[in-house]
Amino acid sequence: MSNADLLPGIARIRARFVGMLGDRLSELESLVASGNGIVPEPAALNDAKAILHKIAGSAGTLGLQDLGEAARTCENDIICYLDTGAPGLPKIFNDLGDFAELAEDLLEEEQPEDAELAQAVHA
Amino acid sequence: MRILAVDDDPIILELVAELLVTFGHHDVDTAGSAAEALEIVGDPQSDLYDCFLLDIQMPEMDGIQLCRKLRETSRYVRTPILMITAMSDKAYIDNAFSAGATDYVTKPFDINELRERITTAEARIAGEGALTKKIFAVSRGTEPQEQVKVALNEPVTIMDVDGVIDYFAFENYVSQLSRGSLFGSTVFGFAIRGIASLYRQSTAFGFECLITDTAEAISDCLQGNQFLITYAGNGAFICVVEGGYRPDLERLTDMVNLCIHDMDLHFCDGRKLDFRVAPGEAQRMIWRGNGNAMEAVILAHQTAEDEALRREKMQNDFWLTERAG
């Protein structure tokens, strides 16, 4: 039995989560683009990590396991990068791209207006 | 139960509130930060909370620091505190237990698991009653009047000793972690030799000092490792050490006994208190399932008690042999 079956109010919370996802995605985008545009500031990466941590923590409970796992991968990438310098930025950007794609698909499916906005920001 | 949930993510707070209300007739308050939580619990008009759910990773003051602050207050010294954590936060979990957490749940939530952890906390509250009688603290002053002596076989909570946690929390720690990551952990026990006799000779306060000082000695001797210790009753302590630690238990026992000896302890009536601990068998916890992990704890406990009895008997037999010779 899924969490959605067990928890009657989950649809409302999921809608709120998706409602916040567009803003979180835009914030991630600007944090990663901070600094000289090539290497993000460590402080900005820390903030990005905190956003990803929140998404990873709640998405799975709301039935969005893939999105949650993609966020967790990005979070772990950043933790490792800030601690050791590995994996390199290309891997982080690549994983963030995968995460953003999943997030945009979800927005497009559930909130088409927010998806357009997010895509406009990326463009 | 009256529950305070603390998390910096409003979605998690909403989820937790929804879940807890679904589980039962819980009265749930939420706080978006540790500072807000401290403000709420510090309000003299505020009713007591029966249970806390604290996110570990929060900006500024994190859940572990908040847990420690709550434990410093007399109102919440034994209230169940469940930490909310991402699955990768193993080091944080250990620190949270050291800070006084009694259990943890992982994010994303498995609803059945959360329900079970809350039910366990509820059962704990219902079953314990006068909890504060069972707390031993290093920061004790002089002997208090009319102190109730705990039963010899009763686990008690020892406060203010590094790495020493409540027995209930220890059980939760071992049974929870065994599901995921007890890789490389070793569990072993120490038991105080001749504990029944020492118990009979001690006042309530004297027995508290005996147990707390022994916990301090074990904790001091394990410094440099990542460890948790609990007092399981009957003079027995159980330790779990992370990171592939392979204890030389005979050497460690000598160190603990030397440490106890150096404390120069006395009974309340001034007599010299000289006692020793004996070690049980160390148990590795790799690949053990949930039930087996607790079996390892029980085995560590049991073998320590058996060894304490064996060594006491051996000592008595030695004197008998000497006398006969």
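Residue numbering restarts at 1 for every chain, and letters A, B, ... go by the order of the sequence lines. What you are looking at is a predicted structure, and each value in this text was computed from that prediction instead of being measured.
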- prompt: Is it the side chain or the backbone of B/Pro10 that comes within 4.5 Å of chain A heavy atoms, both, or neither?
  reply: both

Least distance between heavy atoms, B/Pro108 atom then A/Ala56 atom: CD-O, 3.9 Å

message: Does atom CD (B/Glu39) have a neighbourhood of more than 12 heavy atoms from anything else shown, all under 6.0 Å?
response: no

Main-chain N/O of B/Ile12 paired to A/Ser58 side chain as donor or acceptor, under 3.5 Å: no

- request: Might you confirm whether atom CD of B/Gln223 has over 12 heavy atoms from other residues, nucleotides or ligands at distances under 6.0 Å?
  value: yes

field: Shortest non-hydrogen contact between A/Gly57 and B/Lys107, atoms and distance
entry: O-CB, 3.5 Å

Identified side-chain contact (heavy atoms from CB on, under 4.5 Å) counterpart of A/Phe17 within the set B/Asp9, B/Leu15, B/Ile11: B/Ile11

query: Between atom CD1 of A/Ile10 and atom CD of B/Glu14, what is the distance when rounded to the nearest 0.5 Å?
result: 11.0 Å

query: Does a salt bridge link A/Lys54 with B/Asp8, judged by any charged N lying under 4.0 Å from a carboxylate O?
result: yes

